[in-house]
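First up is the structure itself, then whatever we jot down about it.
If you read the sequence from its start, that first residue is 1, and numbering goes on from there. Just so we're clear, the structure is a prediction, and the values are computed from it rather than from any experiment.
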Amino acid sequence: MATQIVTLVGVLIGALTSYLATATAERAKFRRTMATRWDERKLDTYIEYISCVKELMRASREALRARDRGQDTGEPLAEMDAVEARRSILFERFILLSDKAAADAAHTVNQRAWELLRVTRDPTNGESALADVPLVTALNTLHDAARADLAIGRRF
């Protein structure tokens, strides 16, 4: 009878060990799946936000070029305002998904984008005034922070 109890205890210990190992493996798999899903969302958001900032820069440049040529700036400025509205919404999603370094870099891009808008809306400025807005530098910093957040270029 003692051998049967020892055998039964061994089976129970084996079953419990098997259950714990399987549960741990499944939990780790779930975490990896969720991390991958969030990384995909982050990447899409980062690309969309940065592309929108680039569109804002292009629209601003077009408005200032039109002003330099003495043309009507109404349409380019309206396009710039529409892009700015979209960028503002994308910024919120960016902040929700990013880590602190990427969020800080995005805040700097926001400030530079607002400077760009202010310069562009000033009717006395032409395209040369864009040289005073370091938005490209801020975008480069944001690229680096986003790459670090997404672990791009990091070996595992």
Side-chain angles (χ1 to χ4, degrees), residues 17-156:
T17 303
S18 176
Y19 170 77
L20 291 175
T22 302
T24 302
E26 286 298 317
R27 188 172 297 144
K29 180 181 174 184
F30 176 76
R31 286 186 184 136
R32 282 191 306 275
T33 301
M34 292 306 292
T36 300
R37 186 177 301 166
W38 283 114
D39 282 349
E40 289 171 0
R41 295 284 309 252
K42 277 185 187 184
L43 178 62
D44 292 343
T45 298
Y46 290 4
I47 289 170
E48 195 172 353
Y49 177 76
I50 291 169
S51 296
C52 192
V53 171
K54 297 291 279 188
E55 286 179 45
L56 183 66
M57 291 169 61
R58 183 196 49 75
S60 172
R61 187 172 305 281
E62 288 300 316
L64 292 172
R65 281 182 183 158
R67 186 176 293 141
D68 284 345
R69 288 185 235 127
Q71 298 172 340
D72 180 37
T73 59
E75 188 177 319
L77 287 174
E79 180 185 350
M80 183 186 73
D81 288 339
V83 172
E84 167 56 16
R86 196 170 90 241
R87 186 205 59 78
S88 178
I89 291 167
L90 288 171
F91 173 76
E92 298 304 324
R93 187 175 355 151
F94 189 105
I95 294 301
L96 286 173
L97 294 173
S98 65
D99 69 358
K100 181 166 176 24
D104 290 345
H107 279 292
T108 302
V109 168
N110 254 5
Q111 292 170 350
R112 300 302 174 258
W114 293 329
E115 289 174 28
L116 178 78
L117 293 169
R118 183 185 49 75
V119 165
T120 304
R121 289 179 179 140
D122 183 345
T124 63
N125 286 331
E127 188 177 3
S128 62
L130 291 179
D132 297 335
V133 182
L135 184 53
V136 173
T137 303
L139 270 176
N140 289 337
T141 303
L142 180 58
H143 289 143
D144 292 340
R147 288 172 55 86
D149 186 21
L150 294 168
I152 296 173
R154 195 179 314 158
R155 295 181 192 252
F156 295 99

task: For A138 and V109, work out which heavy atoms get closest and say how close.
output: O-CG2, 3.5 Å
task: Might you work through the side chain to side chain contact (heavy atoms under 4.5 Å, CB included) test for L142 and T108, ending with a clear yes or no?
output: CA-CA 9 Å; L142 180 58; T108 302; over 6 Å; no
message: Going by the rule side-chain hydrogen bond (donor to acceptor under 3.5 Å, both in side chains), which residues pair with E75 if we only count those two or more places apart in sequence or in a different chain?
response: none
Taking every non-hydrogen atom, the tightest pair across A106 and F94: CB-CE2, 3.5 Å
message: Quick one, E115 and P134 - any side-chain contact, counting heavy atoms below 4.5 Å?
response: yes
- request: Go through D81 and R121 one step at a time and tell me if the salt bridge (charged side-chain N to carboxylate O under 4.0 Å, His left out) criterion holds.
  value: CA-CA 10 Å; D81 288 339; R121 289 179 179 140; 2.5 Å; yes
message: My understanding is that only residues two or more places apart in sequence, or in another chain, count here; which of them pass side chain to side chain contact (heavy atoms under 4.5 Å, CB included) with E84?
response: L56, R87, S88, W114, L117
query: Do L139 and K54 have side-chain heavy atoms sitting under 4.5 Å apart?
result: yes
message: Between F91 and H107 (judged by ring centroids, cut-off 6.0 Å), do the two rings come close enough to count as a pair?
response: yes
query: What is the minimum heavy-atom distance between A63 and T73, and which atoms define it?
result: O-CG2, 3.4 Å
statement: Correct closest heavy-atom pair for G126 and L64 would be O-CD1, 3.7 Å
task: Indicate the atoms forming the closest heavy-atom contact of D99 with Y46, along with that distance.
output: N-OH, 4.1 Å
query: For K42 and D149, which heavy atoms make the closest approach, and how far apart are they?
result: NZ-OD1, 2.9 Å
field: Criterion side chain to side chain contact (heavy atoms under 4.5 Å, CB included) on L77 and M80, from CA distance to verdict
entry: CA-CA 5 Å; L77 287 174; M80 183 186 73; 3.7 Å; yes
statement: Of E79, E55, E48, E92, the one forming a salt bridge (Lys or Arg N to Asp or Glu O under 4.0 Å) with R86 is E55
task: For R69, enumerate each residue passing the side chain to side chain contact (heavy atoms under 4.5 Å, CB included) test, keeping only those at least two apart in sequence or located in another chain.
output: R65, Q71
task: Start with the C-alpha gap between T45 and L90, add the side-chain angles, then the distance that decides, and say whether side chain to side chain contact (heavy atoms under 4.5 Å, CB included) holds.
output: CA-CA 7 Å; T45 298; L90 288 171; 5.7 Å; no
task: Quick one: do V133 and R118 satisfy side chain to side chain contact (heavy atoms under 4.5 Å, CB included)? Show the steps, please.
output: CA-CA 10 Å; V133 182; R118 183 185 49 75; over 6 Å; no
